[in-house]
Amino acid sequence: AAEHGYHGRCAMNARPNLASVAADGVERNRRTIRTQFDGFVAHDLAAIMDTFADDSVYDEYRGAEAHGRRFAGKPALRDAFAAMFARTPDCTFEDPVIVAEADHVIAKWTFVVSTRDRTPFAIEGIDLFTLREGKVVTKTSWLKARRPPLRLILRELARRALHRGA
């Protein structure tokens, strides 16, 4: 090949454009998180789980540990998300802002759920993701510390007291 003058050009042309490869990876990761976000909006567990690696870890915003409650492996994550949808069947996620850099993605969103009297209640949150080959390997969630209005808390406490007395 060298005698035909191709050696240098082929080697040069065969090299990937590293900036282009990195940009493709970032865009792939952004699409993965957008797909996951759309799955949460639709309560589509299959679509959500398809975005996770088999060895993924999810650190939920609540729990006794500093990192919150930790779920490891796809079956545990699926159970956690199914339980969330069962607790809040009308929940949705709105206004996503997704920022990706290399294998890390930050997603800001608003979680909206209705209280028992159908009053909408919204909380902003952030997820921090680490991805490997387009699949989520870690997801850590944070929520703003916001309580429902006092009247809703009192109404829920009264409902629980009546339920226990029945």
Side-chain angles (χ1 to χ4, degrees), residues 25-164:
V26 168
E27 187 53 36
R28 176 189 62 199
N29 291 341
R30 186 179 288 115
R31 279 193 314 269
T32 296
I33 301 310
R34 183 63 209 206
T35 297
Q36 187 178 104
F37 183 85
D38 291 344
F40 273 101
V41 169
H43 295 208
D44 184 344
L45 283 172
I48 294 166
M49 297 315 301
D50 192 48
T51 66
F52 283 97
D54 290 337
D55 61 343
S56 55
V57 173
Y58 167 52
D59 287 340
E60 190 178 51
Y61 62 92
R62 60 188 181 154
E65 301 295 325
H67 54 70
R69 197 160 61 172
R70 179 165 287 165
F71 301 91
K74 284 177 97 168
L77 274 67
R78 182 181 179 80
D79 290 347
F81 300 139
M84 180 193 71
F85 291 140
R87 280 190 314 272
T88 56
D90 69 336
C91 73
T92 190
F93 294 82
E94 299 176 351
D95 308 323
V97 176
I98 299 170
V99 179
E101 180 64 36
D103 287 334
H104 301 284
V105 178
I106 298 171
K108 178 186 174 291
W109 37 263
T110 303
F111 176 76
V112 181
V113 64
S114 292
T115 60
R116 293 201 188 283
D117 70 353
R118 299 280 190 241
T119 303
F121 182 71
I123 305 172
E124 289 184 346
I126 291 179
D127 289 331
L128 174 62
F129 299 90
T130 303
L131 291 91
R132 180 181 63 230
E133 299 175 6
K135 295 288 186 177
V136 175
V137 290
T138 64
K139 174 179 178 165
T140 304
S141 295
W142 288 274
L143 286 177
K144 292 229 180 195
R146 180 174 183 226
R147 294 186 169 247
L150 183 58
R151 68 181 170 78
L152 298 178
I153 294 171
L154 293 174
R155 190 175 302 153
E156 177 64 15
L157 290 173
R159 187 196 63 79
R160 288 181 188 180
L162 286 173
H163 185 67
R164 270 182 278 176

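One is the number of the first residue; the rest follow in order along the sequence. Since this is a predicted model, take the numbers as computed values, not measurements. Values below: every heavy atom of this structure, side chains too, minus hydrogens, waters and symmetry copies.
- Under the side-chain hydrogen bond (donor to acceptor under 3.5 Å, both in side chains) criterion, R31 pairs with no residue, sequence neighbours left out.
- Nearest heavy-atom pair, V26 versus A102, reported as atom, atom and distance to 0.1 Å: CG2-N, 3.3 Å.
- Scored by the salt bridge (Lys or Arg N to Asp or Glu O under 4.0 Å) test, D38 finds R34 as partners (sequence neighbours excluded).
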Show your working on side chain to side chain contact (heavy atoms under 4.5 Å, CB included) between I33 and V136 and close with a plain yes or no. CA-CA 8 Å; I33 301 310; V136 175; 3.7 Å; yes
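- With sequence neighbours excluded, the residues that form a side-chain contact (heavy atoms from CB on, under 4.5 Å) with R62 are E60, R69, R87.
- F129 is linked by a ring-ring contact (aromatic ring centres under 6.0 Å, His included) to nothing, counting only residues two or more places apart in sequence or in another chain.
- Using a 4.5 Å heavy-atom cutoff, the side chains of Y61 and I123 are not in contact.
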Per-pair distances, 0.1 Å, donor-acceptor, side chain in residues 92-99, under 3.5 Å, sequence neighbours excluded:
none

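- With rounding to the nearest 0.5 angstrom, the CG atom of L128 is 8.0 Å from the NE2 atom of H104.
- Of all the heavy atoms in C91 and H43, the pair that sits closest is O-NE2, 2.7 Å.
- Of all heavy-atom pairs spanning P89 and A86, the tightest one is CD-O, 3.7 Å.
- In this structure, the side chains of F85 and F40 come closer than 4.5 Å at one or more pairs of heavy atoms.
- Listed by chain and number, the residues in a salt bridge (Lys or Arg N to Asp or Glu O under 4.0 Å) with D55 are R132 (sequence neighbours excluded).
- Atom CD of E124 has more than 12 neighbouring heavy atoms from other residues, nucleotides or ligands inside a 6.0 Å radius.
- Listed by chain and residue number, T130 satisfy the side-chain hydrogen bond (donor to acceptor under 3.5 Å, both in side chains) test with T138 (two or more places apart in sequence, or in another chain).
- Side-chain atoms of N29 and D103, non-hydrogen and from C-beta on, do get closer than 4.5 Å to each other.
- One distance of note links CG of L143 with CZ of F111; it measures 7.5 Å at 0.5 Å rounding.
- A pairwise comparison of heavy atoms in A47 and G39 identifies CB-CA, 4.3 Å as the closest pair.
- What you find for A53 and K135 is that their closest heavy atoms are N-CB, 3.8 Å.
- R70 is linked by a side-chain hydrogen bond (donor to acceptor under 3.5 Å, both in side chains) to D59, counting only residues two or more places apart in sequence or in another chain.
- With sequence neighbours excluded, no residue forms a salt bridge (Lys or Arg N to Asp or Glu O under 4.0 Å) with E101.
- Under the salt bridge (Lys or Arg N to Asp or Glu O under 4.0 Å) criterion, D44 pairs with no residue at all, not counting sequence neighbours.
- Between I48 and T51 the shortest heavy-atom distance is O-OG1, 2.6 Å.
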Go through the steps to decide whether Y58 and F81 satisfy the test ring-ring contact (aromatic ring centres under 6.0 Å, His included), and finish with yes or no. CA-CA 10 Å; Y58 167 52; F81 300 139; 5.0 Å; yes
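- Under the salt bridge (Lys or Arg N to Asp or Glu O under 4.0 Å) criterion, the residue pairs touching residues 72-81 are D54-K74, with sequence neighbours excluded.
- When the side-chain hydrogen bond (donor to acceptor under 3.5 Å, both in side chains) test is applied to T32, no partner is found at least two apart in sequence or on another chain.
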